[in-house]
Amino acid sequence: MNIKHFMPYIIKHLEHVVSLLVVFLMLVATALWSGKLFGHDIGSNASPGNNAKATLVRPDNEQMRTLGLPANNDCELTQRDSASWTVTAHDGTDLGVVVSTAPYARHIKGFAGTTPLYLYINTQGHISQIAAAENAETPDFFKRAFEGTAPQWTRKSVVEASHANVDAVSGATYSSKAIIANVQNTLAARSRAESAAAPIPAIGWARTIIVAMVLLTGILITFKWRGHKWLRMVQLLLNVGVLGFWCGQFLSLSLLRGWVANGLDPVTSLPTVLVLGVAVIMPFIKRPHHYCSWVCPYGSLQELAGRLPFPKVHCSPKVYKTMSRIRITVFAIIMLLLWTAFWDIQVLNYEPFSAFMVNSAAPIVMVLACVFVVASCFVPNVWCKCLCPMGQLLNLSEK
């Protein structure tokens, strides 16, 4: 066997690995300014050997008001253990206890990272109010998740709340399940019941299996039946209907940046991990751009829109080249903003993929998503070709 015959193949794959590494380091750089990497404090925020104290952060005045308590200047918080404070009015009246869920839920992740809460337990042993601590979730999704779950524990005793059957909020599954796990783990720990339920995927095992089947179908079609146009149509419909609207599974720059900064629970995020695995592995087996062409729900929706019987705008190769340059420029600007923390992560909240979460997506995201779908009726896949930062990131990883 002549090794020279395989050298071009080996070199090509090594170049691909290096490209993936470069892309990974680019994502790491976007997370460094936050002071966290894979859920661990770094730099000045790190506190070796004292993780509990590093995690415990006093509620600020706004959070105290949400809990129905006086501001910090009007009452005294005295730390009683590694996760709670006693609250005392200036006249010495005992107001109860504020508990942070952070020490009990370090491993629990929402869509973009941990979702710590503050529980105010009054002197009667009832949960009066719940407030959200700082987190990296998309504000609209988290607000919907919080408003749909938190009231179901309030005005209940700790025992009653620990047995409350609270369901995840449709359209904000990751965030709501993280909130539920935060409260359940904390109440269990406070009741000296340290065992917690085995983790499950955020969308459940049944939907996770269906996601895997849709991904496998796309892989089989690309290898065995690529020339069958009707199968291509079926796959596009599955991507939009199952991966997009039903299961909410897609890749975005916001998601990957959140994973790098805050880590991820491999079981909770299993469906999306499968999607990422397909996106990364397929180019190694001679199927470049597989995610964009055969998986992405929003790309599939644009392609379906392009098949509608509307007059088409025929673009020259020069125009498509210009669109590609615009996408690279937009990607470079976004990465620069993230690297410098000039615009925080809010710049990522306007990727149109979250429009599939129709019950909780921000109105501006819904409008942008619709605009590009309508535009795709006349010019094929406008978002993909001209603006998509996730597509550009995957393209760089395949160089």
Side-chain angles (χ1 to χ4, degrees), residues 8 12 15-16 19-20 22-23 26 218 221-223 225-240 243-244 250-253 278-280 282-338 347-348 350-356 364-399:
K12 181 178 179 180
E15 290 175 345
H16 189 178
S19 296
L20 281 172
V22 170
V23 167
M26 291 170 65
I221 292 175
T222 59
F223 279 104
W225 305 293
R226 196 180 185 94
H228 293 72
K229 293 183 178 180
W230 70 273
L231 284 177
R232 170 70 177 174
M233 176 65 74
V234 168
Q235 186 63 39
L236 293 175
L237 292 171
L238 287 174
N239 293 342
V240 174
L243 296 185
F250 46 80
L251 298 180
S252 68
L253 197 56
V278 168
V280 171
M282 290 301 288
F284 279 98
I285 49 180
K286 298 182 179 181
R287 290 297 181 271
H289 314 301
H290 180 83
Y291 173 80
C292 295
S293 301
W294 289 92
V295 178
C296 178
Y298 192 61
S300 298
L301 182 59
Q302 289 178 91
E303 183 170 337
L304 289 172
R307 296 188 180 211
L308 296 174
F310 291 103
K312 308 302 178 186
V313 177
H314 296 285
C315 301
S316 66
K318 184 177 180 180
V319 171
Y320 281 121
K321 190 173 182 179
T322 301
M323 292 170 71
S324 178
R325 287 174 176 170
I326 293 173
R327 187 175 78 165
I328 294 173
T329 303
V330 169
F331 176 78
I333 292 172
I334 289 174
M335 296 304 290
L336 182 62
L337 291 172
L338 292 175
V347 68
L348 300 180
Y350 303 102
E351 292 178 280
F353 311 114
S354 60
F356 286 104
I364 187 172
V365 171
M366 295 294 293
V367 171
L368 287 173
C370 291
V371 165
F372 285 109
V373 169
V374 171
S376 294
C377 293
F378 308 99
V379 179
N381 296 62
V382 179
W383 169 264
C384 302
K385 296 180 185 299
C386 197
L387 292 172
C388 183
M390 188 65 228
Q392 183 60 40
L393 188 73
L394 289 173
N395 186 55
L396 290 175
S397 72
E398 298 177 13
K399 294 297 184 180

Q: Should Phe331 and Asn395 be marked as a side chain to side chain contact (heavy atoms under 4.5 Å, CB included) after you check the CA-CA gap, both sets of side-chain angles, and the distance that decides it?
A: CA-CA 11 Å; Phe331 176 78; Asn395 186 55; over 6 Å; no
Q: Measure the CG-CD1 distance between Leu338 and Ile333 for me, rounded to the nearest 0.5 Å.
A: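 If we round to the nearest 0.5 Å, Leu338:CG and Ile333:CD1 are 12.0 Å apart.
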Q: Given side chain to side chain contact (heavy atoms under 4.5 Å, CB included), test Arg226 with Trp294 step by step and report yes or no.
A: CA-CA 11 Å; Arg226 196 180 185 94; Trp294 289 92; 3.9 Å; yes
Q: Could you grab the distance from atom CZ of Phe356 to atom CE of Met366, nearest 0.5 Å is fine?
A: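 Phe356 CZ to Met366 CE: 10.0 Å, rounded to 0.5 Å.
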Q: How far does CZ of Phe223 sit from NZ of Lys286, to the nearest 0.5 angstrom?
A: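 Phe223 atom CZ to Lys286 atom NZ measures 10.0 Å (nearest 0.5 Å).
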Q: Start with the C-alpha gap between Leu304 and Met233, add the side-chain angles, then the distance that decides, and say whether side chain to side chain contact (heavy atoms under 4.5 Å, CB included) holds.
A: CA-CA 8 Å; Leu304 289 172; Met233 176 65 74; 3.4 Å; yes
Q: What are the two closest heavy atoms between Leu253 and Ile334, and how far apart are they?
A: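 Heavy atoms of Leu253 and Ile334 come nearest at CD2-CG2, 3.9 Å.
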Q: Looking only at heavy atoms, what is the nearest atom pair of Phe353 and Cys296, with distance?
A: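 Where Phe353 meets Cys296 most closely, the heavy atoms are CE2-SG, 4.1 Å.
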Q: Determine the minimum heavy-atom distance between Leu251 and Tyr291, stating which atoms define it.
A: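 Here Leu251 and Tyr291 meet closest at N-OH, 2.9 Å.
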Q: List the atom pairs, donor and acceptor, that lie under 3.5 Å between side-chain atoms in residues 381-392 and the rest of the protein, sequence neighbours left out.
A:
| unit_1 | atom_1 | unit_2 | atom_2 | d |
| --- | --- | --- | --- | --- |
| Asn381 | ND2 | Gly299 | O | 3.3 |
| Gln392 | OE1 | Arg327 | NE | 3.0 |
| Gln392 | OE1 | Arg327 | NH2 | 3.3 |

Q: Can you check whether Cys315 reaches Val379 side chain to side chain, under 4.5 Å on heavy atoms?
A: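 Yes, at least one pair of side-chain atoms sits under 4.5 Å.
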Q: Going from OG on Ser19 to CG on Leu394, what distance comes out if it is rounded to the nearest 0.5 angstrom?
A: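 Atom-to-atom, Ser19:OG and Leu394:CG are 12.0 Å apart.
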Q: With side-chain hydrogen bond (donor to acceptor under 3.5 Å, both in side chains) as the rule and sequence neighbours excluded, what pairs involving residues 298-319 come up?
A: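 Qualifying pairs: Arg232-Glu303, Asn239-Ser300, Gln302-Ser376, Glu303-Arg307.
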Q: What closest approach, in Å, do Ala305 and Val373 show between heavy atoms, and which atom pair accounts for it?
A: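 What the structure gives for the nearest pair is CB-O, 3.5 Å.
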Q: Using the rule given for side chain to side chain contact (heavy atoms under 4.5 Å, CB included), can you reason through Val295 versus Met282, listing the C-alpha separation, both sets of side-chain angles and the distance that settles it, and then say yes or no?
A: CA-CA 11 Å; Val295 178; Met282 290 301 288; over 6 Å; no
Q: Name the residue from Val330, Ile328, Thr329 that meets the side-chain contact (heavy atoms from CB on, under 4.5 Å) definition with Ile326.
A: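 When Val330, Ile328, Thr329 are each tested with Ile326, the side-chain contact (heavy atoms from CB on, under 4.5 Å) holds only for Val330.
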Q: CG/Leu231 to OG1/Thr222 distance, rounded to the nearest 0.5 angstrom?
A: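 Leu231 CG to Thr222 OG1: 11.5 Å, rounded to 0.5 Å.
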